[in-house]
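Following: one structure in structure tokens, then a few remarks.
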Amino acid sequence: MDSPFAEYLDSGYNPSDAEIPLIKALIQQKIDAIGSIDKEFKEIIDSLAVLKARRKANKIFVQKHQALIAPIKRLPPDILSTVFLASLPVTECTEASMTCNHPAVVISQVCRHWRQLAFDTPLMWSRIQLILPYVSCDPYHPPHDVDRVNGETAALFDSVVQRLFDVTTIWLSRSKGCPLTIFIKASESAAGGFDTSQSGILEGSVLMGLGKLVGLLLSESKRWEQVRFNLEIIGYSRKSQLSRLLFLAPRDVPILRKASIVINSVDIHILEVPISPSVASEQTNFWDGIVMSTIHGQALQSLTLACPKNATKLKGLQVNWGGLIELSLRPFTLGSGRKGVTHLTTDEALTLLRLCPNLKRCNLAIGNGSHASDWGAPPPVWNPSTTPLAFAPIQDDRPVCRLPHLHSLILREDSGRAYGLASALDLPSLRSFTQINPIQWSRPGMPAFYLDSEHERPWNVIPLVEWVQRFGHTITSIDIKHTGVPQHDVEKCLEGLPNLISLAIRSPFLESLNTTSPWGLGSLACDSFLKTLTPEVTEDGDTVTVTPGCLCPKLEDLALNSFPSSVPASMQLMFHEASVLEFLTGRAKASSKTVPEVNRVSRLRYVRVALVDQKVVDIEQELLKRGCNIEGFVGEWNYPDPPSPHSYLETPHIIDFAKDEF
């Protein structure tokens, strides 16, 4: 701005007495101008506020009138109720809890019309989920004021039970006569039979609360269509309330179609506290002769059992086996999360499968079938001195079991092998096969024991071979979870799977287990495996030539990494970034439409691998630079840091791939 003193500003100039009044007049002039501007600015702000208020009022007007003609208001009630049902969550997720945040409750609070429609749609209230808090006393470190603490805990548990009881009563009332889906997860841990004074109050509270809820569910058992019970039962028949859910007569569950029963043992056996002798004796024999009659209904189509072996003996189960289309028999869980004994030997599995000619999906745990006690034993560490080197001879006189509809088979082999089972089965529709062999990891530094020095061959022969030899022409999906698989055996198996679309290997190769180097032989061996899946491509201008011979030409999905971070890198399937890029590039170019169909491979849809190197390039961007079409492709690249060896040496790690159900 112009000023007669502009040349003196920002300087050390000292104005004269005659100049000072002039400077003051200039200052006052600009102060008056600022006041005028502030006044004008305030008027503009006020005008803007008025405009904003008018805009908001008009916007609200538009929104409310648009709501009057919203398409969803024109939907017939039957279609709107279908939309409501589609918004319901699956059982067991957080949103399925019967609280004010449940979608059914939220929908019923939108408007009067929706509320009435929600109440007139009983299927919205037909899924009952009860997850009770875990209550237990600590006999090692009881508080000083035991009675007060246990009294408060019991009161808190009672309040939770009462809330669940009231909500369940409302849900059952609103579901009217609809078939019910019930999930309950509960424990009788505080009623475990300790001879400790501080457990009495909790025990009475827990058993009374559980009995109240169980009684409410039993009153509606004729409406049970699907049930999933995850229970910790004390095995004390005179006290147990949860076991009442298992002993209903078939006439009490006439429409029960799907049942999943997971029974875990209360952890009392690992605590060094006095246990009443009568209680211990009754717990040991509790499952002898027990008949879980709840699953004997004629409508049953899907059955999952993870229970003590004595509760799953075939002679005690009068299940309608011929009506089953899904069957899962898994080991039950012991205290501290340990897996118990398996249910079946190979012969017992065949006997069971012959009873189920209509199975479509099957999940079995095969072992030696033995059980030293109801508590079982922890998974063994593989050791050649205790593990037989040869398979038992196959019984050739066994009749073949034909399951014409079975398309998915999950086989868990625990303390024994299911050798010979494949040869005794006829599965013309088998498409998906998963083989699991969970073991306890040995610690680094131990001698390599996967080779039999006398015969100079691996004792842990890959059990996948016999399944590939018999069903390789029909299988399209393979999931291997078997530690110590020799790489060349896997490659031989893949040669027998010409139609394979999905491949998952979730366990390290034998070569990786025989090294202690963090990034050594194991990584090199994995790179050589990936090379067998990489097509050999020759480009000459626009002409692309693919040399036949790569494994799995129809492969679309590949997962080669699913390990916890505690497992050393040398015991994982690791790959170099360059090898992964070569594999993806070869597959992308060999799947081009310019390649003759006879030599063309399928386009990859999904790949998950772990990489040895720190990230150098963006793999997707690098593929685009190489001219690869990656439309619709999804890749997951894990760049793990080497775990601390100390954390690994402190405790053994168990890899467990058991699946709850289908």
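Atom NE2 of His407 is separated from atom NE2 of His405 by 10.5 Å, given to the nearest 0.5 angstrom. In this structure, the separation between CZ on Arg251 and OG on Ser293 is 9.5 Å, given to the nearest 0.5 Å. Remark: Ser477 OG to Asn499 CG distance equals 12.5 Å, nearest 0.5 Å. Once rounded to the nearest 0.5 Å, the distance linking SG of Cys552 with NZ of Lys554 reads 11.5 Å. In this structure, Leu533 CG and Leu558 CG are separated by 6.5 Å, a value rounded to the nearest 0.5 Å. One finds the CZ atom of Phe575 at 9.0 Å from the CZ atom of Phe583 (value rounded to the nearest 0.5 Å).
Residues passing the side chain to side chain contact (heavy atoms under 4.5 Å, CB included) test with Ser429, sequence neighbours excluded: none. Looking at residues two or more places apart in sequence or on another chain, you find a side chain to side chain donor-acceptor pair (under 3.5 Å) between Glu636 and Tyr606. The salt bridge (charged side-chain N to carboxylate O under 4.0 Å, His left out) test applied to Arg223 returns Glu220, not counting sequence neighbours. Shown here are the side chain to side chain contact (heavy atoms under 4.5 Å, CB included) partners of Ala299, two or more places apart in sequence or in another chain: there are none. The side chain to side chain contact (heavy atoms under 4.5 Å, CB included) check on Pro179 picks up Glu225, Ile255, with sequence neighbours excluded. The salt bridge (charged side-chain N to carboxylate O under 4.0 Å, His left out) test applied to Glu491 returns no partner, not counting sequence neighbours.
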**Item:** Gln487 vs Ser528, side-chain hydrogen bond (donor to acceptor under 3.5 Å, both in side chains): CA-CA, chis, key distance, verdict
**Value:** CA-CA 9 Å; Gln487 180 182 328; Ser528 63; 2.9 Å; yes
**Request:** For the pair Leu411 and Ile436, evaluate side chain to side chain contact (heavy atoms under 4.5 Å, CB included) and give the outcome as yes or no after the intermediate values.
**Result:** CA-CA 6 Å; Leu411 193 64; Ile436 306 167; over 6 Å; no
**Prompt:** Between Ile505 and Val490, does a side chain to side chain contact (heavy atoms under 4.5 Å, CB included) hold up when you go through it step by step?
**Reply:** CA-CA 10 Å; Ile505 302 177; Val490 174; 3.9 Å; yes
**Request:** For the pair Phe433 and Thr474, evaluate side chain to side chain contact (heavy atoms under 4.5 Å, CB included) and give the outcome as yes or no after the intermediate values.
**Result:** CA-CA 10 Å; Phe433 181 66; Thr474 65; over 6 Å; no
**Request:** Could you please spell out the steps behind the side chain to side chain contact (heavy atoms under 4.5 Å, CB included) verdict for Arg412 and Gln435?
**Result:** CA-CA 6 Å; Arg412 175 185 176 124; Gln435 194 163 51; over 6 Å; no
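The shortest side-chain heavy-atom distance between Thr434 and Leu409 does not fall under the 4.5 Å cut-off. Between Leu327 and Leu352, some side-chain heavy-atom pair lies under the 4.5 Å cut-off. The side-chain heavy atoms of Leu130 and Leu217, taken from C-beta on, include a pair separated by under 4.5 Å. Using a 4.5 Å heavy-atom threshold, the side chains of Glu326 and Lys258 count as touching. In this structure, Asp426 and Pro428 have side chains that are in contact, with non-hydrogen atoms separated by less than 4.5 Å. With a 4.5 Å cut-off on side-chain heavy atoms, Asn230 and Ile263 do not count as touching. A heavy-atom distance below 4.5 Å is found between the side chains of Leu317 and Ile295. Annotation: side chain of Ile233 is in contact with side chain of Leu246 (closest heavy-atom distance under 4.5 Å).
Asn358 places no side-chain N or O within donor-acceptor distance of the main-chain N or O of Gly323, the cut-off being under 3.5 Å. Between the side chain of Asn320 and the backbone N or O of Gln298 there is at least one donor-acceptor pair closer than 3.5 Å. In terms of modelled atom types and a separation under 3.5 Å, the side chain of Arg470 and the main chain of Leu425 share a donor-acceptor contact. Side-chain atoms of Glu348 come within 3.5 Å of backbone N or O of Thr345 as a donor-acceptor pair.
Atom NZ of Lys222 has more than 12 neighbouring heavy atoms from other residues, nucleotides or ligands inside a 6.0 Å radius.
Residues Leu355 and Trp321 share a closest heavy-atom pair of O-CB, 3.1 Å. Across Pro357 and Gly322, no two heavy atoms sit closer than the pair CD-CA, 4.2 Å. Pairing each heavy atom of Glu466 with each of Ser423, the nearest pair is OE1-N, 4.3 Å. What you find for Leu245 and Thr294 is that their closest heavy atoms are O-OG1, 2.9 Å. For the residue pair Asp252 and Ser221, the shortest heavy atom distance occurs at O-OG, 2.9 Å. What you find for Ala186 and Leu132 is that their closest heavy atoms are CB-CD1, 4.1 Å.
For the 3.5 Å distance criterion, the side chains of Glu188 and Ser240 qualify, holding a donor opposite an acceptor.
Each of Leu364, Leu305, Val262 was evaluated against Arg330; a single residue qualifies, Val262, per the side chain to side chain contact (heavy atoms under 4.5 Å, CB included) test.
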